[in-house]
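The chain is numbered in sequence order, starting from 1. Note that the coordinates shown come from a computational prediction; the quantities given were computed from them, not determined experimentally.
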Amino acid sequence: MDLGRRRIRVAIANIARQVVATAVDDSAPDADESEQADLAIALVRKVCDDRGIGLRALEAVGIGLVGVMDAPDRRRRAAERLEAAFGTRVEVDNNARLAALAEQTWGAARSAEDVVYVRWAVGVGGGFISGGRLLRGGHGASGEVGHVSVDPAGPRCHCGGRGCLEGRIGVPALLEAAASRGVRLTGTDDLLEAARSRTPEVTAVVVEAARTLGTVLAGTVAQLDPRRVVVGGDLATLGGLVLDPIRSAIGELALPGKPRALDVVPADLGPAASAMGAIALVLKEQDPSRPARGPRTPRSGPTCASATKRLFLSTLRN
């Protein structure tokens, strides 16, 4: 499932990592984790009814949430609802980090063990993989690229900081910048269409934002020394218009006197990345803050028509 600010996404996969069903529904912007979990449970039950899938063999649920993972109440509210509904192990992580894990497992980073991933859309998030392992950090904040300050005297961010990257290059900021140049756009789709059409004012705004993102990523590259930088999210679909300024900034600023082989590539998995990452989470990762559990007695109920294989349910937040 995907517990999102605006949408809930559900993906059900078998032990062979084959996705056997997906679904999406809208979520109220002000819904908390408990309310989102209830919506997700209803969505799972609907898609299972529609597709004839039974969850008797369900082994685990993976959840992706927005934001820093140091708030136990947020994690608990979502996890407890799902544990009660499905009677199985529940794992929780940040949704952008899960997208990084998905790209490393199935997507644009699958041949690399040291990866910097950034997702650029309405918000800006990221995930770091080192030696093949997803980095979470000491406080659950690893990968929060969007909250690097690019202007310490800038406006206050919802994180408490000032002048954060997300406030400078997230879609709302880009729409505002385009409007200041006389081009009024109504949302992400309009912004992307104007950029693809090479509307000069919009192109200038997007390229400048990409350069700013590349400048922040240059610092990350200098410190983590990845083999690959993967750029996901809506803005990554603009291809070279955003990737070229990012590459240029990294090349100029990330230890230019010490040349290295570094790929800067678009993500492969699109909007499904976080859901796929939650599947990867329950298949090969485990939330280190939660105790291990013994085997569970299977519940009675119908089985999936095709499945003698175990099923995994992934719950993610966009």
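Side-chain N or O atoms of W120 include one that pairs as donor or acceptor with a backbone N or O of I169 at under 3.5 Å. For the pair R228 (side chain) and A108 (backbone), a donor-acceptor distance under 3.5 Å is present. Side-chain atoms of S142 come within 3.5 Å of backbone atoms of L135 as a donor-acceptor pair (strictly under, hydrogens ignored). Under a 3.5 Å cut-off, the side chain of E103 and the backbone N or O of D268 do form a donor-acceptor pair. Remark: side-chain polar atoms of S130 are not paired, donor with acceptor, to backbone N or O of D114 under 3.5 angstrom. Using modelled atom types, no side-chain atom of R119 and backbone atom of G127 make a donor-acceptor pair closer than 3.5 Å. Although no hydrogens or angles enter the test, the distance criterion places no donor-acceptor pair under 3.5 Å between the side chain of D263 and the main chain of V265. Judged by distance alone, with hydrogens and angles left aside, the side-chain atoms of E91 form no donor-acceptor pair with the main-chain N or O of V282 at under 3.5 Å. With S149 contributing its side chain and C164 its backbone, the two residues share no donor-acceptor pair below 3.5 Å. Proximity of a side-chain donor or acceptor of S248 to a complementary backbone N or O of P245 within less than 3.5 Å is not detected.
No more than 12 heavy atoms of other residues, nucleotides or ligands lie within 6.0 Å of CD in E176, so this atom counts as exposed by the packing criterion. For R227, the CZ atom is loosely surrounded, since the number of other residues' heavy atoms within 6.0 Å does not exceed 12.
Residues I53 and V20 form a side-chain contact, since some pair of their non-hydrogen atoms from C-beta on lies under 4.5 Å apart. Residues P155 and R162 form no side-chain contact, since every pair of their non-hydrogen atoms from C-beta on lies 4.5 Å or further apart. Using a 4.5 Å cut-off on side-chain heavy atoms (C-beta onward), L39 and D25 make no contact. With a 4.5 Å cut-off on side-chain heavy atoms, L281 and L283 do not count as touching. The closest side-chain heavy-atom distance from V19 to M276 is below 4.5 Å. In this structure, the side chains of I279 and I12 stay at 4.5 Å or more apart for every pair of heavy atoms.
L192 and V171 end up in the same hydrophobic cluster when Ile, Leu, Val, Met, Phe, Trp and Tyr side chains are linked at under 4.5 Å. In the hydrophobic cluster analysis, where Ile, Leu, Val, Met, Phe, Trp and Tyr join through side-chain heavy atoms closer than 4.5 angstrom, I129 is grouped apart from V145. The cluster map of Ile, Leu, Val, Met, Phe, Trp and Tyr, joined by side-chain heavy atoms under 4.5 Å apart, puts V183 and V205 in the same cluster. Cluster membership for V148 and L224, using ILVMFWY side-chain heavy atoms within less than 4.5 angstrom, is shared. L269 and V118 fall into different hydrophobic clusters, defined by Ile, Leu, Val, Met, Phe, Trp and Tyr side-chain heavy atoms under 4.5 Å apart, directly or through other members.
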Check against side chain to side chain contact (heavy atoms under 4.5 Å, CB included), L185 and V202:
CA-CA 10 Å; L185 306 167; V202 176; 4.0 Å; yes

Residues V264, I250; criterion side chain to side chain contact (heavy atoms under 4.5 Å, CB included); working and verdict:
CA-CA 9 Å; V264 179; I250 292 173; 4.1 Å; yes

Would you please test F86 and L55 for side chain to side chain contact (heavy atoms under 4.5 Å, CB included) and show each step?
CA-CA 8 Å; F86 299 113; L55 296 178; 3.7 Å; yes

Show the numbers, then the answer: is there a side chain to side chain contact (heavy atoms under 4.5 Å, CB included) between L134 and R136?
CA-CA 6 Å; L134 187 65; R136 293 180 172 88; 4.2 Å; yes

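Annotation: the span from L213 atom CG to R211 atom CZ amounts to 11.5 Å, rounded to 0.5 Å. Note: E208 CD to R168 CZ = 7.5 Å, rounded to the nearest 0.5 Å. We find the CG-OG distance between D32 and S27 to be 9.5 Å, quoted to the nearest 0.5 Å. Atom CZ of R133 is separated from atom CG of L101 by 9.5 Å, given to the nearest 0.5 angstrom. Here the straight-line distance linking atom OG1 of T203 with atom CG of L241 works out to 5.5 Å at 0.5 Å rounding. Atoms CD and CG, on Q36 and L82 in that order, are 11.0 Å from each other to the nearest 0.5 Å.
Of all heavy-atom pairs between A218 and A254, the closest is O-CB, 3.4 Å. Scanning all heavy atoms of the two residues, the minimum distance from E59 to T88 falls at O-OG1, 2.6 Å. For the residue pair L43 and I8, the shortest heavy atom distance occurs at CD2-O, 3.7 Å. Nearest approach of A267 to Y117, heavy atoms of both residues: CB-CE1, 4.4 Å. Summarising the geometry of P226 relative to L262, their closest heavy-atom pair is O-CD1, 3.4 Å, with the distance given to 0.1 Å.
One finds a salt bridge joining K46 and D50 here, because a Lys/Arg side-chain nitrogen approaches an Asp/Glu carboxylate oxygen to under 4.0 Å. Residues R198 and E193 are not paired through a salt bridge, judged by the lack of any N-O separation under 4.0 Å between the basic side chain and the carboxylate.
Between T188 and the choices D234, L175, L174, L235, the side chain to side chain contact (heavy atoms under 4.5 Å, CB included) rule is met once, by D234.
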